[in-house]
Number of protein chains: 2
Amino acid sequence: MQKAAAIPNSSTGLIKDMDLLVESYPKVALTVDCVIFGFEDNKLKVLLIRSDIDMYKDEWSLLGDFAKESESLEEAAYRVLRQRTGMQNVYLDQVHTFSNPNRHPGGRVITVAYCSLLNIRHHQLQITDNELHWHNVNDLDSMAFDHLEILTKCYSWLQKRIQEHPLGFNLLPEKFSLRELQNLYEAILNVELDRRNFRKKFFSMDFLIDTGELEEDVKHRPGKLYQFNFEKYEKNKRKWVGIDF
Amino acid sequence: MQKAAAIPNSSTGLIKDMDLLVESYPKVALTVDCVIFGFEDNKLKVLLIRSDIDMYKDEWSLLGDFAKESESLEEAAYRVLRQRTGMQNVYLDQVHTFSNPNRHPGGRVITVAYCSLLNIRHHQLQITDNELHWHNVNDLDSMAFDHLEILTKCYSWLQKRIQEHPLGFNLLPEKFSLRELQNLYEAILNVELDRRNFRKKFFSMDFLIDTGELEEDVKHRPGKLYQFNFEKYEKNKRKWVGIDF
DNA sequence: GAAACAATGTGTAAATATTACATATTTCAT
DNA sequence: ATGAAATATGTAATATTTACACATTGTTTC
């Protein structure tokens with residue numbers, strides 16, 4: 001059922017019937033894919049699901065879904081997060097859109113990749129559900145569809161982004177030690193950092209709140225526990241990050 | 001003509017008929033919009049076209065088009081650039097995807113914004129064609145659709161990006177003076193920069209080639225003309241830009 | 001409970017990068 | 001020849017980053 005292209009108004013040259021205009025062009029299926037990062041055992045993790053597609057039956061894939069008729073892609077991404085992890089108010093950011101015509105075996109499907117950061121402990125993963133699994137980001141070398149490419153892009157994005165904004169806090173528990181924070185940065189950036197300089201840098205940023213509490217159940221001298229001052233960060237981020245969007 | 005949803009294989013739970021799967025979800029029209037930046041008279045410009053949509057008949061819009069059946073969005077964006085400016089091998093980068101369900105009056109249309117940088121002089125704009133026009137980026141306060149939002153996003157993106165990568169060279173003639181380069185940065189970042197420090201910084205980056213030539217037709221002492229060493233930039237960008245993608 | 005251990009917590013000097021600022025040089029216009 | 005207006009360059013002060021050493025605190029072991 002092919003509709004005719006919109007016909008410009010003969011006197012003005014302007015298109016009046018927008019519906020006809022839009023209908024006359026090819027349409028595509030649209031998905032979102034969430035790259036959900038977590039942090040555990042000093043390793044950066046990503047939440048994956050066993051592929052439900054026959055041709056990728058031995059592969060893992062990102063958590064995604066088709067966009068519904070009248071939701072924005074951001075809404076769709078939040079919906080996927082909520083449905084799969086049960087979590088709300090999770091950090092989420094759009095990273096890139098993947099549109100290779102052959103990326104999906106079922107036809108033309110465009111996907112918009114979102115990067116999400118959450119605290120694994122807050123998320124009650126049904127371990128009984130062996131369809132979902134946290135993977136070490138650095139151990140993956142094959143995934144369904146073009147998902148490894150998407151993951152790689154989001155990982156690079158995160159590495160860059162975490163050096164400009166303190167996103168890492170989203171991956172940590174509410175209260176954390178400086179050592180945990182440093183382990184997180186080392187895991188994401190794949191480098192070793194100097195303890196003293198790391199500490200100095202974070203204190204100079206001035207959005208760590210000393211809770212007065214100490215670590216517990218730790219083998220040696222317990223470290224102080226801090227909280228992230230989200231409020232202060234929101235107020236000041238323009239200053240210390242430079243021009244940004 | 002509604003197709004049934006894909007039926008999982010009863011024994012494995014895996015989906016076999018991908019076509020059915022994809023067909024069973026809502027589809028959307030897909031466009032690319034190119035934010036084409038240029039530089040002239042020490043002002044940052046953006047190339048816009050008079051809207052051909054009746055409801056936006058007094059507004060300007062970005063250069064865009066619907067994606068064809070089997071081209072990637074990047075290909076579509078290059079096609080738009082080629083068709084509208086006649087130029088090839090132009091700098092192009094994907095910036096963001098806009099998906100507000102109400103952003104287009106004709107129905108659900110997703111658009112992927114690309115940022116492009118080109119040298120206005122290389123581009124033979126048909127000035128007779130009053131449909132196309134270079135606008136001062138900072139003078140725009142209203143556009144068709146959500147194009148002002150898209151432009152704003154791409155402009156912020158450019159401001160950030162130009163401080164990490166020397167993209168600005170794409171906006172300048174092949175040979176340029178240091179003053180022109182500085183004017184460009186000042187126009188994009190909307191700041192005044194110290195001449196001496198600017199010079200020092202760029203020379204330390206070490207991809208300016210002294211052509212030995214001087215400016216001509218200039219009122220006072222002519223400045224040296226430089227070329228950008230694209231080769232060296234490509235080889236070294238990882239080092240001086242830090243982690244990036 | 002004293003000593004060894006293994007972390008945390010803190011300070012300081014050196015190197016590097018950024019900022020602020022001044023003077024000499026070259027060409028054009030008169 | 002002179003003055004005007006830009007280019008070209010250097011240097012000191014400041015801020016940031018890096019490298020590195022020692023004291024402190026709580027745990028474990030004997």
Side-chain angles (χ1 to χ4, degrees), chain A residues 41-42 159-160 162-166 172-173 175-187 189-227 236-237 239-243, chain B residues 41-42 160 162-166 172-173 175-187 189-227 236-243:
Chain A
D41 301 329
N42 292 340
Q159 288 184 318
K160 182 181 156 82
I162 201 178
Q163 294 180 79
E164 302 170 336
H165 295 272
L172 293 174
K175 298 173 181 181
F176 52 87
S177 70
L178 223 36
R179 165 51 60 185
E180 290 176 291
L181 186 60
Q182 183 176 337
N183 286 342
L184 173 66
Y185 272 77
E186 291 183 337
L189 299 177
N190 248 310
V191 292
E192 292 211 340
L193 301 170
D194 182 276
R195 213 158 37 81
R196 294 154 287 192
N197 294 334
F198 183 80
R199 164 184 297 271
K200 206 185 306 172
K201 178 144 194 177
F202 264 90
F203 283 141
S204 78
M205 289 179 180
D206 196 34
F207 39 61
L208 288 181
I209 303 170
D210 188 337
T211 64
E213 298 172 53
L214 296 175
E215 286 180 299
E216 282 172 22
D217 303 322
V218 84
K219 287 175 190 164
H220 299 287
R221 176 182 178 182
K224 289 186 187 178
L225 290 177
Y226 297 91
Q227 275 182 296
N236 294 348
K237 63 178 167 186
K239 292 182 201 164
W240 60 272
V241 136
I243 292 161
Chain B
D41 301 329
N42 292 340
K160 181 182 157 83
I162 202 178
Q163 295 180 77
E164 303 169 335
H165 295 272
L172 293 174
K175 298 174 181 180
F176 52 86
S177 70
L178 223 37
R179 166 51 59 186
E180 290 176 292
L181 185 61
Q182 183 176 338
N183 286 343
L184 173 66
Y185 272 77
E186 292 183 335
L189 299 176
N190 248 312
V191 293
E192 293 211 340
L193 302 171
D194 182 277
R195 223 175 51 255
R196 294 154 287 191
N197 295 334
F198 182 81
R199 162 184 298 270
K200 206 184 306 173
K201 177 143 196 180
F202 264 91
F203 283 142
S204 77
M205 289 178 181
D206 195 36
F207 39 61
L208 289 181
I209 302 170
D210 188 337
T211 64
E213 298 171 55
L214 295 176
E215 287 181 301
E216 281 172 23
D217 304 322
V218 82
K219 286 175 191 167
H220 299 288
R221 176 181 177 181
K224 289 186 186 178
L225 291 177
Y226 297 91
Q227 275 182 298
N236 294 349
K237 64 177 166 185
R238 284 183 194 178
K239 293 181 201 163
W240 62 271
V241 136
I243 292 161

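Since we're looking at a predicted model, the values are computed, not measured. Convention: sequence-line order gives letters A, B, ...; per-chain numbering from 1.
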- Between C1' of dA19(D) and CD of Glu192(A), the distance in whole Å: 15 Å
- Note on the structure: Between CZ of Phe202(B) and P of dT9(D) the distance, given in whole Å, is 17 Å
- Base, sugar-phosphate, or nothing: which does Lys200(A) touch, judged by heavy atoms less than 4.0 Å apart? base
- Message: Heavy atoms within less than 4.0 Å of DNA chain D: which residues of residues 213-221 of chain B have one? Give them sorted by number.
- Response: His220(B), Arg221(B)
- Message: To the closest 0.5 Å, what do you measure between OH (Tyr226(A)) and CD1 (Ile209(A))?
- Response: 12.0 Å
Got a list of protein N/O to nucleotides 14-16 of chain D N/O distances below 3.5 Å?
none

- Message: Whole angstroms only, please: what is the CD-C1' distance between Gln163(A) and dT17(D)?
- Response: 14 Å
- Atom CG in Asn42(B), atom CD in Gln182(B): separation rounded to 0.5 Å? 10.5 Å
- Check Glu180(B) against Glu215(B) and note the closest heavy-atom contact, atom names and distance. OE1-OE2, 4.4 Å
- Atom CZ of Arg179(B) to atom C1' of dA8(D): distance rounded to whole Å? 12 Å
- By salt bridge (Lys or Arg N to Asp or Glu O under 4.0 Å) - contacts of Arg196(A) (at least two apart): Asp194(A)
- Message: Determine whether a donor-acceptor pair (one donor, one acceptor, N or O, separation below 3.5 Å) exists between the side chain of Arg196(A) and the base of dA21(D).
- Response: yes
- If we only count heavy atoms from C-beta on, is the Leu178(B) to Phe203(B) side-chain gap below 4.5 Å? yes
- Message: For Ile162(B), give me all partners under side-chain contact (heavy atoms from CB on, under 4.5 Å), at least two apart in sequence or on another chain.
- Response: Tyr185(B), Ile188(B), Leu189(B)
- Query: First contact, last contact: which nucleotides of DNA chain C are these for chain B, 5' to 3', heavy-atom distance under 4.0 Å?
  - Reply: dT19(C) to dC28(C)
- Item | Arg179(B): side-chain hydrogen bond (donor to acceptor under 3.5 Å, both in side chains) partners, not counting sequence neighbours | Asn183(B)
- Atom CG of Asn197(B) and atom C1' of dG10(D): how far apart are they, to the nearest Å? 11 Å
